[in-house]
Amino acid sequence: MQLLWFIPTHGEGRYLGTAIGGRVTNFDYWRQIAQAVDHLGFAGALLPTGRSCEDAWILASTLVTHTKQMKFLVAIRPGLMSPAVAARMAATFDRISGGRLLINVVTGGDPVELAGDGLHLSHDDRYKLTDEFLAVWRQIAASETTNFQGDYLNIQSGKLLFPTVQKPHPPLWFGGSSAIAQEIAAKHVDVYLTWGEPPEQVAQKISSVRRLAEAQGRTLRFGIRLHVIVRETESQAWDAANNLIRYVDEDAIAQAQKAYARMDSEGQHRMTTLHNGSREALEISPNLWAGIGLVRGGAGTALVGDPDTVARRMLEYQDLGIDTFIFSGYPHLEEAYRVAELLFPRLPLQNQPTQQPQLLSPFGEVVANQEFPKPQIA
Ligand code: FMN
C-alpha cells in the first residue's frame with residue numbers, strides 16, 4: 001500500500017464554503033506542506049490542474065528542490081499542450097528530480113472551463129485526442145523517434161534528446177470514469193484512479209478496467225482519491241466532519257450544484273449523485289462521508305472515523321485491488337501530521353518512513369525537566 005498527500009493549489013482553509021478560517025496560500029505555505037509530506041514519509045503528493053489551480057508544473061518544479069524523496073504527481077490535460085512538449089517537460093523534471101515524477105492524465109470535464117482554455121471538443125472527442133496524445137507521449141518519452149498522423153495530432157520525427165531517468169518513462173496515472181475513459185486508461189496507463197466512491201462501485205470500476213486492460217494484454221494498478229477525517233475517537237471525527245461544513249449555506253450548495261450540472265464528466269456526475277445537493281444522509285457507506293462534495297468539485301468524499309476504523313476501511317478498498325491512496329484533509333499542513341501520527345502505524349505502507357536512529361526518535365516533551373514521558377503504546 002502507498003499513501004500520497006495533496007498540495008492545495010486552489011485555496012486552503014479550516015472550513016469549506018467560507019472565507020472564515022481561510023489561509024494565505026503562497027510558496028512558503030506550499031513548501032511547508034511539501035516538506036511535511038517529504039519528512040513524514042508519504043510516497044508523494046498530487047498537484048491538480050485546471051483554471052482554479054496554480055500551475056502544477058511550475059509549482060512542482062519549485063518545490064522539488066526543497067524536498068528529498070517524495071514524488072510529485074503532476075496533473076496534465078491533453079489537448080492544451082503538444083505531447084512532444086509535454087514529454088520534454090516530463091523528462092526535464094524527471095532528470096532534475098532524480099526520477100521523482102509521476103504524471104496524472106486528466107482530460108477535463110467542464111466544457112465551459114475548457115473553452116476558456118481554447119479547447120472546444122465534445123467529451124468523447126477530447127478522449128479520442130487523449131488517446132492520440134498518450135500514444136505519442138509514450139513513444140517520445142521512451143526516447144523513440146516518433147511519426148504519428150491521427151485525427152487530431154500530426155507529429156513528424158518527434159524525439160527526446162535528454163532521456164528520462166525512469167524507464168521506459170515516468171509512470172502514467174489517470175483519472176476518468178466514463179466508458180471511453182476506461183478504454184483509454186486500459187490501453188495506455190499504469191495506474192487507474194477513481195474518486196472515493198463506495199466499495200461496491202469501486203469494485204465494479206476495477207473489474208471493468210481490468211477486463212479492458214486484459215483485452216489489450218496489459219495490467220494496471222488501481223488508486224483512490226479521498227479526503228480523510230481521522231481523530232482519536234469516532235465521535236471526535238464526526239464532530240470534525242460536521243464542523244468542516246458548519247458555514248456551508250444553501251446558496252453555496254445551490255451554486256455548486258449548478259456548476260456540476262453543466263459538466264459533462266461522468267466522474268463528477270457520480271460524485272454529485274452521492275449527495276444530490278442535500279445535507280441529509282451524507283454517510284453514504286459506513287464511514288464514507290459525502291459532505292465535502294456539497295461545495296467541492298471532484299474528490300467529494302472523506303473517510304471519517306477513529307484510526308483503527310479508517311485503517312480498516314482502507315484495507316477493505318485494498319482487498320478490492322486498490323494499492324494507492326491519495327488523501328487530503330483541511331488544513332493540509334496539520335492534517336498531514338495527524339494522518340502520519342494516527343494512520344501510518346496502522347497501515348502496511350510500502351515506503352514506511354525510514355527508521356531514524358534512536359537519537360532522533362520521537363520522545364515527546366520531557367516531563368518536569370528531567371524524565372522522558374512513557375513510551376508510546378502501540
Ligand atoms: N480534472 C481536472 O481537470 N483537473 C484535475 O486535476 C483532475 N484531477 C483528477 C484526479 C482524479 C483522482 C480523478 C479521478 C479525476 C480527476 N480529474 C481532474 C477529472 C478528469 O479530468 C476526468 O477526465 C473528468 O472527470 C472527465 O472524465 P469522465 O467523464 O471520464 O469522468
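Position 1 is the first residue of the sequence, and the numbers go up from there. Computed from a predicted model, the values in this text were never measured in an experiment.
- E12 places no side-chain N or O within 3.5 Å of a backbone atom of T25 that could act as its donor or acceptor partner.
- Heavy-atom neighbours of E232 CD from other residues, nucleotides or ligands within 6.0 Å: at or below the threshold of 12.
- For R23 and Y29, the side-chain atoms include at least one donor-acceptor pair closer than 3.5 Å.
- Ring pair H332/Y330 is perpendicular by interplanar angle, where above 60° counts as perpendicular and below 30° as parallel.
- Under 3.5 Å, the side chains of T324 and R221 contain a donor-acceptor pair of N or O atoms.
- Applying the side chain to side chain donor-acceptor pair (under 3.5 Å) test between S177 and each of K205, E266, R270 identifies K205 as the sole match.
- Residues R126 and D264 meet the side-chain proximity criterion, which asks for heavy atoms closer than 4.5 Å.
- For G79 against L129, the heavy-atom pair with the smallest separation is CA-CD2, 3.4 Å.
- Here the closest non-hydrogen pair linking R100 and M70 is NH1-O, 2.9 Å.
- Counting only heavy atoms from C-beta outward, the side chains of W30 and L63 approach each other to under 4.5 Å.
- The shortest distance between side-chain heavy atoms of T301 and W195 does not fall below 4.5 Å.
- The same ILVMFWY cluster, assembled from side-chain heavy atoms under 4.5 Å apart, contains both I184 and F148.
- A side-chain donor from one of E234 and T309 sits under 3.5 Å from a side-chain acceptor of the other.
- W289 and H227 have their aromatic ring centers separated by at least 6.0 angstrom.
- Taking the charged nitrogens against the carboxylate oxygens, R31 and D28 do have a contact shorter than 4.0 Å, which makes a salt bridge.
- A salt bridge is absent between R14 and E335: the closest approach of a Lys/Arg side-chain nitrogen to an acidic carboxylate oxygen does not fall below 4.0 angstrom.
- With E316 as reference, R313 is the one residue of R312, Q318, R313 to meet the side chain to side chain donor-acceptor pair (under 3.5 Å) rule.
- L102 is not listed as a side-chain neighbour of L46, based on a closest heavy-atom distance of 4.5 Å or more.
- Between the side chain of H275 and the main chain of G293, a donor-acceptor pair closer than 3.5 Å is present.
- Side-chain contact of Q204 with S208: a donor-acceptor pair under 3.5 Å is absent, judged by distance alone.
- Between W5 and F42, the ring planes are tilted. Angles from 30° to 60° get that label.
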Distance-only donor-acceptor hits, side chain of residues 240-248, under 3.5 Å, sequence neighbours excluded:
from	atom 1	to	atom 2	distance (Å)
N242	ND2	W238	O	3.2
N243	OD1	R246	NH1	3.0

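- The pair R231-D306 does not count as a salt bridge, with every side-chain nitrogen at least 4.0 angstrom from each carboxylate oxygen.
- Under the 4.5 Å side-chain criterion, counting only non-hydrogen atoms from C-beta, P8 is in contact with I33.
- Salt bridge status for E341 with R338: absent, with no side-chain N to carboxylate O gap under 4.0 Å.
- A search for ring-ring contact (aromatic ring centres under 6.0 Å, His included) contacts involving F372 returns F363, not counting sequence neighbours.
- A distance-only check finds a donor-acceptor pair linking the side chain of R218 to the backbone of V189 [under 3.5 Å].
- Connection of L73 to V37 is not established within any shared hydrophobic cluster, with ILVMFWY side chains joined at heavy-atom distances below 4.5 Å, either directly or through further cluster members.
- Around NZ of K167, the count of heavy atoms belonging to other residues, nucleotides or ligands within 6.0 Å exceeds 12.
- Counting non-hydrogen atoms of other residues, nucleotides and ligands closer than 6.0 Å to NE2 of H269 gives a total of 12 or fewer.
- Residues T130 and T107 bring a donor and an acceptor atom of their side chains to less than 3.5 Å of each other.
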Worked verdict on Q156 versus N154 for side-chain hydrogen bond (donor to acceptor under 3.5 Å, both in side chains): CA-CA 7 Å; Q156 298 305 318; N154 178 2; 2.7 Å; yes
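- Between P48 and A56, the shortest heavy-atom contact is O-CB, 3.5 Å.
- Between Y127 and F174, the angle of the ring planes lies from 30° to 60°, which puts this pair in the tilted group.
- In this structure, L347 and A311 approach most closely via the heavy-atom pair CD2-CB, 3.9 Å.
- Closest of all the heavy-atom pairs between A36 and L333 is CB-CD1, 4.0 Å.
- You'll find the side chain of V106 reaches within 4.5 Å of the side chain of T49, heavy atoms only.
- The aromatic rings of Y337 and H39 lie tilted to each other, with the angle between the two planes from 30° to 60°.
- Two residues are said to be in side-chain contact when any heavy atoms from C-beta on lie closer than 4.5 Å; P348 and L315 meet this criterion.
- When all heavy atoms of Q35 and T67 are compared, the closest pair comes out as N-CG2, 4.4 Å.
- In the hydrophobic cluster analysis, where Ile, Leu, Val, Met, Phe, Trp and Tyr join through side-chain heavy atoms closer than 4.5 angstrom, L288 is grouped apart from L193.
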